Amino acid sequence: MKYFFSYLFLSAILVTSGQEIFESKLLDQETQQPVAFAVIHDVLRQRHTHSNEFGYFKISIQDPEDSLIVSHVGYDALVIIPKNHHGATIALKPNKIMLDQLIVTPGIDGLQTITNINLKVEPVNSSQDILRKIPGLFIAQHAGGGKAEQIFLRGFDIDHGTDVQITADGLPVNMVSHAHGQGYADLHFLIPETIERVDFEKGPYDASKGNFATAGHINYRTFDKVGKSMIKLERGQFNTSRLIGLIDLLGKDQDENAYLATSYQTSDGPFESPQNFGRFNFFTKYNKKFGDHQLTLQASTFSSTWDASGQIPERAVADGSISRFGAIDDTEGGTTSRHDIGFQLVNPIDQLSFFQSKGYFTRYTFELYSNFTFFLEDPINGDQIRQKEKRNIYGFETTYNRQLTLASYPALLRMGVGLRLDHIEDIELSHTLNRQTVMEQLKSGDIREANTYLHADIEWTLGLWLINPGLRWDELSFQYNDHLSSVYQTAAKTKDILSPKLKIVYTPSGNWQFFAKAGRGFHSNDTRVSVTNTQNTLPAAWGSDIGTSFSPSRKIWVNVAYWILYLEQEFVYVGDAGIVEPSGKTLRQGVDVGINLQPNPWLYIDANVNLAKPRFLQVSEQSNLVPLAPNFTSTGGLIVEHPSGIAGSLRYRYIKDRSANEDNSIVAEGYFISDVSLSYTHANIDFGIRVLNLFDTHWNEAQFETESQLRDETSPVSELHFTPGTPRTISASIGIHF
């Protein structure tokens, strides 16, 4: 491993001469913010490059009087002569977003660019929309709106985040060794209106992404600066309200800006027992430029409380004991909070290299009451459980970035080092009664978990080809003190894993791109498993993708990928039961297809189809199905953004019936749901109306095979338990911009 990192470090200083290098920085003409991932095209030599996330770029040229074309979706194309701009910034004029402006180069991902086009055309306005922007990703909520969503992606029932790494402005969202489940990722601390873009990739192919990045990784980026302040009020059925404020604090200063955002939301939900849901969010961000240096500070706080009706058994609804929106135990629910502070510092060495450092601290609390089995274990008091924890998270990472020239071709080197520490206090699983009485403590202890990592990769653009090898090393240290043990002792284990990565991209033209990817990733297991497991503590995931993005006409983009992912043996800690379950080896393969078109300037249409075949290995074909793993999903719809001020969307999501257990004897029902929204903007006021589940479909949002026993039953029953999906729900909003 050390020779690989040494090679990459030496590559950083091997800058080949013989060509004149033109370098500059791109800025938005109105906001003066950097324009990332713009395409710079050398017309004469038919070469491309793109700006980095801070707007900088460099390109080798033969003659400083040759023409370069600079283009980016949402901006007017600009022709520049290098001799007139060398060392100076270049301003791009914003314009309407048009799909035919999209040009792919070896360093630009067409699918990710299209996703951000959709995000700009139809910004997210709910916590559910945040995740649904990712093509092929499905979610389900089953605990009153305050619990993290259940996630489905690429043939995975990811639970609450076990196989997808989620970050926000680089802050980790996944919680290791969580009281409820490994990788628990609660995104409700994000205010949707602050999200500017989303960076994502499916599969374990990015060297800078480590734990949980097996099915993929997602990073949400918030605005550095808001154009206008805004106050918005939403009101809907089921006593649902939301008040949002977005306030620009420093006006139009180009070198210093700050804003704050806040929201408060309440709802009773459609359930017979009101959810009494309440959520408060506050977020602030400050940016300051010191010449070419840039400092970003941010802080947020979030708290949520709710009641829940839980998952109910089919038999209770079928015999009329309860309705679809009734409950067996309506004392479920919980509270959670998260408080973050973080910084990011960009420290340029010169216009072609910089250090990017970030640090963060998170204080997190969680308390959840659930009852999945009702009276199976305790026929008198019931089976309610409490899962509870408090934790501090400390983290730091610094990355060195350098643009260089190797054998007359541009390359980008990235090298990083980081550390994440989780100190978890009083992580608990208890048997409780009515949230008041602790009947028995089942698990209790303290956890210390540390993840130290190094990563390096280099993007080398050889004309129409991009070669991107990478390597990542992670070391995880696990410590656990069991409060229920009669003898005080610290159980500990340390384990490391090396993850090679490789991407190859071929781009024969600005509207056609091929790619092949391969890599190794992993997700850690719960500390309580890792310190006692004598087998593989960090089982690996091996994946590969091959596919293409192309534009058969200027108004259509198509993405196609075939993928395969193999997971080694895992030992999973089941937080709801306090037990360890081996899941065995699995193999998943599938096809993702996406189509995006813009027949005219104000109409966008898209559709995504995702097929997957998830299977357990080393078991018979009669019982090798992965429970709840989706095998066919589709999302899409149309978006209207008319010059008259009228905007709207009609969106659908479909998931096919899938097995709820290994032998398909119990089936989780699929569904097709449509949502519609309509808005009108006049001057600085906008009005909106939204209808969820337009056709009032009866659907099950979350579904599980569970063995349970009701109070009047003499023996347990194993069948489908579900949380009903939201019925037709109408809400309206009014917003004022100033």
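Here the structure is a predicted model, which means the values were calculated and not measured.
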Colleague: Give the ring-plane orientation class for Phe271 versus Phe325, where under 30° counts as parallel, over 60° as perpendicular and anything between as tilted.
Modeller: perpendicular
Colleague: Indicate whether the side chain of Asp224 and that of Asn257 have a donor and an acceptor atom separated by less than 3.5 Å.
Modeller: no
Colleague: Which atoms form the tightest heavy-atom contact between Asn174 and Gly183, and what is the distance?
Modeller: ND2-O, 3.0 Å
Colleague: Indicate whether the side chain of Glu149 and that of His188 have a donor and an acceptor atom separated by less than 3.5 Å.
Modeller: yes
Colleague: Closest approach of Arg242 and Pro192, non-hydrogen atoms and distance?
Modeller: NH2-CD, 3.4 Å
Colleague: Give me the atom names and distance for the closest heavy-atom approach of Asp383 to Leu376.
Modeller: OD2-N, 2.7 Å
Colleague: With no hydrogens and no angle check, do the side chains of Thr490 and Asn481 hold a donor and an acceptor under 3.5 Å apart?
Modeller: yes
Colleague: Hey, does the side chain of Tyr480 reach the backbone of Val531 with a donor-acceptor pair shorter than 3.5 angstrom?
Modeller: no
Colleague: Distance only, no hydrogens: is a donor on one side chain within 3.5 Å (strictly under) of an acceptor on the other, for Thr167 and Asn219?
Modeller: yes
Colleague: With side chain to side chain donor-acceptor pair (under 3.5 Å) as the criterion, how do Ser303 and Ser337 come out once you've worked through the C-alpha distance, each side chain's angles and the decisive distance to 0.1 Å?
Modeller: CA-CA 4 Å; Ser303 62; Ser337 69; over 6 Å; no
Colleague: Can Ser357 and Thr398 be counted as having a side-chain donor-acceptor contact under 3.5 angstrom?
Modeller: yes
Colleague: Report the distance from atom NE2 of His178 to atom CD1 of Ile447, rounding to the nearest 0.5 Å.
Modeller: 10.5 Å
Colleague: Hey, could you give me the CD/CG distance between Gln344 and Leu295, rounded to the nearest 0.5 Å?
Modeller: 9.5 Å
Colleague: Looking at residues at least two apart in the chain, or sitting in another chain, which of them share a side chain to side chain donor-acceptor pair (under 3.5 Å) with Ser229?
Modeller: none
Colleague: Yes or no on side-chain contact (heavy atoms from CB on, under 4.5 Å) for Lys388 and Asp426, after CA distance, side-chain angles and deciding distance?
Modeller: CA-CA 8 Å; Lys388 186 178 181 181; Asp426 300 321; over 6 Å; no
Colleague: Identify, with sequence neighbours excluded, every residue that meets side chain to side chain donor-acceptor pair (under 3.5 Å) alongside Thr437.
Modeller: none
Colleague: Looking at every heavy atom in both Gly269 and Phe238, which two are closest together, and how far apart are they?
Modeller: O-CB, 3.4 Å
Colleague: Determine whether Lys358 and Thr399 make a side-chain contact, defined as any pair of heavy atoms from C-beta on separated by less than 4.5 Å.
Modeller: no
Colleague: Would you say Lys288 has more than 12 foreign heavy atoms packed within less than 6.0 Å of its NZ?
Modeller: yes
Colleague: Donor-acceptor pair, Asp169 side chain versus Leu171 backbone, under 3.5 Å?
Modeller: no
Colleague: Does Lys147 offer a backbone N or O that forms a donor-acceptor pair with the side chain of Gln141 under 3.5 Å?
Modeller: yes
Colleague: If you measure from CG on Asp206 to CZ on Arg472, what distance do you get to the nearest 0.5 Å?
Modeller: 9.0 Å
Colleague: Do the non-hydrogen side-chain atoms of Pro204 and Leu565 ever get within less than 4.5 Å of each other?
Modeller: yes
Colleague: Around atom CD1 of Ile380, are there more than 12 heavy atoms of other residues, nucleotides or ligands at under 6.0 Å?
Modeller: no
Colleague: Over all heavy atoms of both residues, which pair between Ser499 and Phe522 is shortest? Give the atoms and the distance, please.
Modeller: OG-CD2, 4.4 Å
Colleague: Between Ser530 and Thr537, do the side chains contain an N or O donor and an N or O acceptor separated by less than 3.5 Å?
Modeller: no
Colleague: Pair Lys501, Glu201 - check salt bridge (Lys or Arg N to Asp or Glu O under 4.0 Å), show working.
Modeller: CA-CA 13 Å; Lys501 322 276 186 176; Glu201 183 179 45; over 6 Å; no
Colleague: Quick one: do the Glu701 and Thr726 side chains pair a donor with an acceptor below 3.5 Å?
Modeller: no
Colleague: Taking the side chain as every heavy atom from C-beta outward, state whether Gln182 and Val529 have any atom pair closer than 4.5 Å.
Modeller: no
Colleague: Between Lys285 and Thr222, does any side-chain donor sit less than 3.5 Å from a side-chain acceptor?
Modeller: yes
Colleague: At what distance, to the nearest 0.5 angstrom, does CG of Asn371 lie from CG of Leu433?
Modeller: 10.5 Å
Colleague: Over 60° means perpendicular and under 30° means parallel, so tell me whether Phe366 and Tyr364 are parallel, tilted or perpendicular.
Modeller: parallel
Colleague: With a 4.5 Å limit on heavy-atom distance, are the side chains of Asp474 and Asn211 in contact?
Modeller: no
Colleague: Given the rule in the salt bridge (Lys or Arg N to Asp or Glu O under 4.0 Å) test, do Asp446 and Arg448 qualify, once you have shown the distances and angles that lead to the verdict?
Modeller: CA-CA 7 Å; Asp446 295 328; Arg448 301 292 182 268; 5.2 Å; no
Colleague: Taking C-beta and beyond as the side chain, do Tyr259 and Thr194 meet within less than 4.5 Å on heavy atoms?
Modeller: yes
Colleague: Quick one, Tyr360 with Gln298, criterion side-chain contact (heavy atoms from CB on, under 4.5 Å). Give me CA distance, side-chain angles, the key distance, then yes/no.
Modeller: CA-CA 9 Å; Tyr360 54 85; Gln298 63 187 67; over 6 Å; no
Colleague: So Arg588 and Val626, side-chain contact (heavy atoms from CB on, under 4.5 Å) or not? Walk me through it.
Modeller: CA-CA 10 Å; Arg588 291 169 172 83; Val626 180; 3.6 Å; yes
Colleague: After noting the C-alpha distance and the side-chain angles of Phe374 and His721, does the key distance pass the side-chain contact (heavy atoms from CB on, under 4.5 Å) rule?
Modeller: CA-CA 12 Å; Phe374 310 123; His721 292 57; 3.8 Å; yes
Colleague: Is there a donor in the side chain of Gln384 and an acceptor in the side chain of Thr331, or the other way round, less than 3.5 Å apart?
Modeller: yes
Colleague: Going through the distances and angles, do Asp307 and Arg435 end up as a salt bridge (Lys or Arg N to Asp or Glu O under 4.0 Å)?
Modeller: CA-CA 11 Å; Asp307 297 327; Arg435 296 202 198 182; 3.0 Å; yes
Colleague: Run the ring-centre check on Phe372 versus Phe704 and record whether the distance is less than 6.0 Å.
Modeller: no
Colleague: Could you walk me through whether Glu397 and Lys209 satisfy the salt bridge (Lys or Arg N to Asp or Glu O under 4.0 Å) test, starting with their C-alpha distance in whole Å, then the side-chain angles of each, then the deciding distance to 0.1 Å, before giving a yes or no?
Modeller: CA-CA 12 Å; Glu397 179 181 275; Lys209 313 301 178 186; over 6 Å; no
Colleague: Any idea which heavy atoms bring Trp306 and Leu368 closest together, and the distance?
Modeller: CZ2-CD1, 3.9 Å
Colleague: Just how far is it from atom OG1 of Thr723 to atom CG of Asn700, taken to the nearest 0.5 Å?
Modeller: 8.5 Å
Colleague: Side chains of Phe212 and Val176: does their closest heavy-atom pair fall under 4.5 Å?
Modeller: yes
Colleague: Is there a side-chain contact between Phe302 and Asp186 in this structure, where contact means two heavy atoms from C-beta onward sitting under 4.5 Å apart?
Modeller: yes
Colleague: Who pairs with Tyr264 by ring pair (Phe, Tyr, Trp, His ring centres under 6.0 Å), at least two apart in sequence or on another chain?
Modeller: none
Colleague: Are side-chain heavy atoms of Glu449 and Ser524 found at a separation under 4.5 Å?
Modeller: yes
Colleague: Kindly compute the distance separating CD1 (Ile166) from CG (Leu131), expressed to the nearest 0.5 Å.
Modeller: 5.5 Å
Colleague: Can you confirm whether Lys585 is buried at NZ, in the sense that more than 12 heavy atoms of other residues, nucleotides or ligands lie under 6.0 Å from that atom?
Modeller: no
Colleague: Between Gln150 and Asp157, is any side-chain donor less than 3.5 angstrom from a side-chain acceptor?
Modeller: yes
Colleague: Checking Gln275 side chain against Ala308 main chain: does a donor-acceptor pair fall under 3.5 Å?
Modeller: no
Colleague: State whether a side-chain donor-acceptor pair under 3.5 Å links His523 with Asp163.
Modeller: yes
